[in-house]
Amino acid sequence: MTAVLEKVRDLEDFLVMPDDEIAESIEAARSELGRRVVILGHHYQRDDVIRHADLSGDSYQLSVMASQTDAEFIVFCGVHFMAESADILGKPHQRVILPDLGAGCSMADMASIDQVEDAWEQLRDIGVLDAKVAPITYMNSSAAIKAFCGRNEGVVCTSSNAVPLFDIYLKEYDKMFFFPDQHLGRNTGAKFGIPLDKMVVWNPHEELGGNTPEALLDAKLILWRGHCSVHGRFKAWHVDKIREEVSGVQVLVHPECTREVVEKSDLDGSTSFIIKTVENSPSGSKWAIGTEVNLVSRLAQRFPDKEIHLLAPDLCMCATMYRIAPQNLAWAMANLLEETVVNEIAVDDETKHFANIALGRMISLTESKTGN
Ligand code: SF4
C-alpha cells in the first residue's frame, strides 16, 4: 500500500489532495485489488475519471460487461439509475458502488414510481386500460419503474433498440405508455408514422396528465413529460447556424433531442450509433454532433483528420455525472482496500425480480427482431 493510502480514508482527505496523488492512489488501490474490482466509466464521464475506467460504454452495455466479469466490486462512474441497472443485472455476489450519491439523472428523476402508479390508476378509471396498453420505460429510469413495466407486460428499451421494440409493441398492443423521455418516445413514434395528435403528453402534476379522457382514449402513444436537461439544450436554430457556418457539415444527434432538432438533422441515433458513424466516416468529413460534450470532445481528439463540432456553442455537459470526481473515486477505492463498501447501490429482491423480467423481455424481443 502506498504512503498516500496508509494515511487517508475520509473523503475530506481526498478533497484536499493534489491531482497527481489522487490519480496515484486510484491506480495503487486498483493494483492491490486486482480483479476484485472493475471500474466502469460512462461515455459522458469527464476525462480525469474515464482515464481510470477498465470499461467504458453506455449504461446498459456497461452493466452487461460488468456482469460478465467476476469482480466482487463494481465501481460505476455514471449516475444513480446506471448503478441500479448494474445491480439488477449483476451476479449475486457483486456489489455496486456509486462514488457520489448525488450523481442522479434529471430525466430519471422526472418520473417517480408513485406518480407512474397513480397515472396508471387514472387511466384505468377512465377505461383506457380496457384496451391493450403496454408500459415501456427507457433505461434512464428508476429500478422501481422498470419493475412496474415487468409486472404489467411492459419492457425496458435503450436508445439503440427503441425502434425494434416499438415495432413489436405497436403491432401487439393498442397503445403504449412511455416513460420518462417524451423526446425519445416522440422521435421513435414518428419513425412509425404516428401523427403528433396521437402522441399526447402526460404531465404528472395535472389531473389526467393535463388531457381529456377522449384524447387519452384516442392516443396511440402516451408520453411522460420528461426530458434530458443536456440534450434539451440543442435547438433547431443551432442546426441552421452550423449549416450556414460550416459548408458540407452533417448533423448527427441523439434521439433525446427535441423533435424539431431531430427533424432538421441528417442522422439520429444512440451514443453507440454516433460513435460508429464518426468512426466509419471518411477522413475530411465534417460533423456537428448533438450530444454530451465530453463524448464529442473525445471523438474530436480521436479523429483529428475529421472536423468535429459540438452542435451548440454553450456547454452541454451532464452536470450530475460530473459530480463523480477523481476524489470520490479515490475515496471509494481506498475504502475497498479496508473491505469497506461506501455508497453501495442495492436494489431490493422483489424490485430486482420484476425489473429483470422487463429487461429479459427487452433482450429476447430485440434478439428476435434484429438477430443480435
Ligand atoms: S445526459 Fe441526460 S439522460 Fe443522460 S444521465 Fe445526464 S441528465 Fe440523465
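None of these values were measured; they are calculated from a predicted model.
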key: Step-by-step side-chain hydrogen bond (donor to acceptor under 3.5 Å, both in side chains) determination, Thr291 to His231   = CA-CA 6 Å; Thr291 193; His231 292 92; 2.8 Å; yes
request  = Apply the test salt bridge (Lys or Arg N to Asp or Glu O under 4.0 Å) to residues Glu244 and Lys241: give CA-CA distance (whole Å), side-chain angles for both, the deciding distance (0.1 Å), then the verdict.
outcome  = CA-CA 5 Å; Glu244 276 168 31; Lys241 189 159 180 284; over 6 Å; no
task = Quick one: do Glu27 and His52 satisfy side-chain hydrogen bond (donor to acceptor under 3.5 Å, both in side chains)? Show the steps, please.
result = CA-CA 8 Å; Glu27 292 309 318; His52 298 292; 2.6 Å; yes
request  = Determine, step by step, whether Ser85 and Ser63 satisfy the side-chain hydrogen bond (donor to acceptor under 3.5 Å, both in side chains) criterion, reporting the C-alpha distance in whole Å, the side-chain angles of both residues, the deciding distance to 0.1 Å, and the verdict.
outcome  = CA-CA 6 Å; Ser85 300; Ser63 295; 5.0 Å; no
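Checking side-chain atoms of Asn335 against main-chain N and O of Val342 turns up no donor-acceptor pair under 3.5 Å. One N or O on the side chain of Asn356 and one on the backbone of Ile88 form a donor-acceptor pair closer than 3.5 Å. Panel note: side chain Glu84, backbone Ala143; a donor-acceptor pair is recorded below 3.5 Å. Looking at Asp100, its side chain never comes within 3.5 Å of a backbone N or O of Ile324 through a donor-acceptor pair. Without hydrogens or angle criteria, Thr320 side chain to Gly104 main chain gives a donor-acceptor distance under 3.5 Å. Listed for the Lys286 side chain is no donor-acceptor partner under 3.5 Å among the backbone atoms of Val246. Side chain of Lys220 to backbone of Asp174: a donor-acceptor contact under 3.5 angstrom is found.
Under the 30°/60° scheme for interplanar angles, the aromatic rings of Phe234 and His238 are found to stand perpendicular. Between Phe179 and Phe148, the two ring planes are perpendicular [angle over 60°; tilted spans 30° to 60°].
Annotation for Asn294 and Asp47: closest pair OD1-N, 4.3 Å, computed over non-hydrogen atoms. The two residues Gln327 and Phe14 make their nearest non-hydrogen contact at CG-O, 3.4 Å.
Side chains of Ile39 and Val49 form no contact here, defined as non-hydrogen atoms less than 4.5 Å apart. Val278 is listed as a side-chain neighbour of Ile289, based on a closest heavy-atom distance under 4.5 Å. Looking only at side-chain heavy atoms (C-beta outward), Lys175 and Leu123 stay at 4.5 Å or farther from each other. Under the 4.5 Å side-chain criterion, counting only non-hydrogen atoms from C-beta, Leu33 is in contact with Leu337. The closest side-chain heavy-atom distance from Ile168 to Tyr173 is not below 4.5 Å. Counting heavy atoms from C-beta outward, Glu256 and Asn140 have side chains that approach closer than 4.5 Å. With contacts defined as side-chain heavy-atom distances shorter than 4.5 Å, the pair Val38/Gln94 does not qualify.
Look at Asp54 and Arg35 and you find no salt bridge, because none of the NZ, NE, NH1 or NH2 atoms lies under 4.0 Å from a carboxylate O. Under a 4.0 Å N-O distance rule, the pair Arg302/Glu279 qualifies as a salt bridge. Between Asp167 and Lys171, at least one side-chain nitrogen of the basic residue sits less than 4.0 Å from a carboxylate oxygen of the acidic one, meeting the salt-bridge criterion.
Annotation for Arg225: atom CZ does not count as buried by contact number, only 12 or fewer foreign heavy atoms lying within 6.0 Å. Residue-environment remark: CD (Gln61) exceeds the threshold of 12 foreign heavy atoms within 6.0 Å. By the 6.0 Å contact criterion, NZ on Lys276 is open, its count of non-hydrogen atoms from other residues, nucleotides or ligands being 12 or less.
Ring centroid separation for the pair Phe177 and Trp202 comes in under the 6.0 Å cut-off.
Note on Trp120 and Ile222: same hydrophobic cluster, where clusters join Ile, Leu, Val, Met, Phe, Trp and Tyr whose side-chain heavy atoms are under 4.5 Å apart, directly or indirectly.
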